[in-house]
Protein chains: 2
Amino acid sequence: MADRRPYRRESEERRREDLIAAALDLVAEGGLHAATVRAIAERAGVTPGLIRHYFTSKEDLTRVAYQRLMERMTTDSAAVLLGGPDDAMARLANFVVASVSPPVADPVAVGLWAAFVHDVRRDAAMREIHTANYLAFRNMLQGLIAALPRPVSDAKLRSDAIACNGVIDGLWLEGSILPEAFALGEIPAIALTSVGAILNIDLVAAYQPDRTLP
Amino acid sequence: MADRRPYRRESEERRREDLIAAALDLVAEGGLHAATVRAIAERAGVTPGLIRHYFTSKEDLTRVAYQRLMERMTTDSAAVLLGGPDDAMARLANFVVASVSPPVADPVAVGLWAAFVHDVRRDAAMREIHTANYLAFRNMLQGLIAALPRPVSDAKLRSDAIACNGVIDGLWLEGSILPEAFALGEIPAIALTSVGAILNIDLVAAYQPDRTLP
DNA sequence: GGTTGAATTACACAATCGTATAACAAGAAT
DNA sequence: ATTCTTGTTATACGATTGTGTAATTCAACC
């Protein structure tokens, strides 16, 4: 008998995590069609058969990977809130800037996200994942807006959140797809001005960049 | 010998157009991976081999199809300007609404557009097509903004255009991907309010819906 | 320290992919 | 009518796809 490939047993969580990460890496690099079962397995350091041991199908893996991606993007945007200033306007300003700056705004991230858009339209499970994460992000934004010292109706609060989310998403998209079309810091500055204009507050003045770094 | 499939000879333009349309249809329906050479040929009513007669490769066909798609989207947005009102604010308002309404804003169109995003990042020719069409749209918007009766600097004009384009794109995206998450007419209304807030004008009042229809 | 269960590898299979090349046939030219 | 050009079909090929199943080997358990 020829020598069989040696291997180590790992926990289910670890293996699933590795496979998900490998899948996302490959989609980011080469699009959905580059994330083949064999390529994912190789990237994760296992053999192709193992994928079907942890996921019922490739479609299953795809769904889980998308969920992980969306989680990560929301988390990265929210990270700036931890340890930041307490002032409501400053918190909102920091959140807005973080949402259109790396690592959230990033060419690779956009390509990654776009790869799943069609599946979201077509697959009900994917759409559910998308809706939940989209609303989570928007509600987080709405919470920040609601904390501002200005009285508004619930209806206005909702449309303000949708509008601000729109600017953020749009600028995130354009700045990420065509980074060379904008000057350094131009997109974050425009984001602050626009969101401020929509909410009728001076967000630019409220912005407090992270000073923990030298 | 068995009967060979009968066929008619067509002009080069007609055949190329049919193949491009078939490719876009299939991408819209089933994503990039559904647009195989065989499926495109069948949809266009020809046999697979003919594709390689009109396009040097499938990649070639893909690029041409993307160019056609982008053209169509810009054209659809601009169509509302023809035969519309002369007032600068009304023209801008109508353009904004058209950009976030069907047929520009549409689940199929978004899926279609997203399918190409990754290729845009990776392929230089695709990126060139994207940049040209993105700037064409933004410049059209900037022209409408510049026509407003308000004095602004060139720099402000540019950032205003980028900001307004951002809101439009973001709302276009969200409204198209999750149409059921918004009330009828909610997205256009928010678009008018937001763009108006950014430019500090009352766009809602300026909006003049098409009255040529009964 | 065997024994056992399950994680992992290995292999096979049918389907489908893009591409290359040769055979045919439709319609214009002569 | 016959020839010629070339648009079009037909067919083949190797590579790659997702998946199903059997063979193995690791690591925990008694």
Side-chain angles (χ1 to χ4, degrees), chain A residues 1-23 26-27 29-66 115-116 118-119 122-123 125-126, chain B residues 1-23 26-27 29-66 115 118-119 122-123 126:
Chain A
M1 283 296 111
D3 25 20
R4 206 179 162 90
R5 171 185 178 146
Y7 63 92
R8 278 190 37 190
R9 298 192 165 195
E10 299 286 354
S11 71
E12 169 168 353
E13 190 188 337
R14 169 68 187 277
R15 277 280 131 91
R16 289 178 66 94
E17 225 51 45
D18 285 352
L19 288 170
I20 292 168
L26 286 165
V27 174
E29 291 173 13
L32 262 187
H33 75 278
T36 66
V37 173
R38 287 166 177 83
I40 295 171
E42 186 184 18
R43 179 69 58 104
V46 298
T47 51
L50 195 60
I51 291 183
R52 296 287 316 282
H53 188 260
Y54 285 112
F55 301 92
T56 60
S57 68
K58 197 199 170 185
E59 196 180 16
D60 181 25
L61 170 55
T62 301
R63 281 198 267 254
V64 178
Y66 182 62
F116 291 101
H118 185 272
D119 290 332
R122 195 148 145 234
D123 184 62
M126 289 287 277
Chain B
M1 284 299 107
D3 23 23
R4 206 178 163 92
R5 170 183 179 147
Y7 62 92
R8 280 190 34 192
R9 298 193 165 196
E10 299 286 355
S11 70
E12 169 168 352
E13 189 187 339
R14 168 69 185 276
R15 276 279 132 92
R16 287 177 68 91
E17 225 52 44
D18 284 353
L19 288 170
I20 292 169
L26 286 165
V27 174
E29 291 172 14
L32 262 186
H33 75 278
T36 66
V37 173
R38 287 166 178 83
I40 294 171
E42 187 184 18
R43 180 67 60 103
V46 297
T47 51
L50 196 60
I51 292 183
R52 297 288 316 283
H53 188 261
Y54 285 110
F55 300 92
T56 61
S57 67
K58 196 197 171 188
E59 196 180 14
D60 181 25
L61 170 55
T62 302
R63 281 198 267 253
V64 177
Y66 182 63
H118 185 272
D119 290 332
R122 195 147 149 237
D123 184 64
M126 290 287 276

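Convention: sequence-line order gives letters A, B, ...; per-chain numbering from 1. Reckoned from all heavy atoms, side chains included, excluding hydrogens, waters and symmetry mates.
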> Starting at NZ of A/Lys58 and ending at C1' of C/dT16, how long is that distance when rounded to a whole Å?
Replying inline: 14 Å
> Taking all atoms of both residues into account, what is the closest heavy-atom pair of B/Thr47 and B/Ala41, and its distance?
Replying inline: C-CB, 3.6 Å
> side chain to side chain contact (heavy atoms under 4.5 Å, CB included) between A/Val27 and B/His118: does it pass, once the steps are laid out?
Replying inline: CA-CA 9 Å; A/Val27 174; B/His118 185 272; over 6 Å; no
>> Which heavy atom of A/Ile20 sits nearest to which heavy atom of A/Ala65, and what is that distance?
In response: CG2-CA, 3.9 Å
> For B/Arg52 and C/dG18, what is the distance between atoms CZ and C1' respectively, to the nearest whole Å?
Replying inline: 8 Å
>> Could you report the tightest heavy-atom contact between A/Arg63 and A/Ala125, atom names first, then the distance?
In response: CD-CB, 3.3 Å
>> Rounded at 0.5 Å granularity, tell me how far CD1 in B/Ile40 sits from CG in B/Asp18.
In response: 12.5 Å
> Within this structure, what is the CZ-to-C1' distance between A/Arg16 and C/dT8, rounded to whole angstrom?
Replying inline: 16 Å
> Separation of A/Arg38 atom CZ from D/dG20 atom C1', in whole Å?
Replying inline: 12 Å
> How is the base pairing of DNA chain C summarised as a dot-bracket string, given the Watson-Crick and G-U wobble criteria with both distances under 3.5 Å, [ ] for crossing and | for another strand?
Replying inline: ||||||||||||||||||||||||||||||
> So does A/Thr36 get a side-chain nitrogen or oxygen closer than 4.0 Å to the phosphate oxygens (OP1/OP2) of D/dT16?
Replying inline: no
> Taking all atoms of both residues into account, what is the closest heavy-atom pair of B/Gly45 and B/Arg5, and its distance?
Replying inline: O-NH2, 3.1 Å
>> Whole angstroms only, please: what is the CD-C1' distance between A/Glu59 and D/dT17?
In response: 15 Å
>> Please report the distance, rounded to the nearest Å, between CD1 in B/Ile40 and P in C/dT19.
In response: 11 Å
> Tell me: CZ of B/Phe55 to P of C/dT19, nearest whole Å?
Replying inline: 13 Å
> What heavy-atom pair brings A/Ala22 and A/Arg43 nearest, and what distance separates the two atoms?
Replying inline: CB-CG, 3.6 Å
> Any idea which heavy atoms bring A/Leu32 and A/Ala115 closest together, and the distance?
Replying inline: CD1-O, 3.3 Å
>> Testing A/Glu12, A/Arg14, A/Glu13 one by one against A/Arg16 for a side-chain contact (heavy atoms from CB on, under 4.5 Å), which residue passes?
In response: A/Glu12
>> Nearest whole Å is fine: how far is D/dG18 C1' from A/Leu32 CG?
In response: 15 Å
>> Each nucleotide in nucleotides 3-10 of chain D should get exactly one letter: B, S or -. Can you fill that in based on protein heavy atoms under 4.0 Å?
In response: ---BBBBS
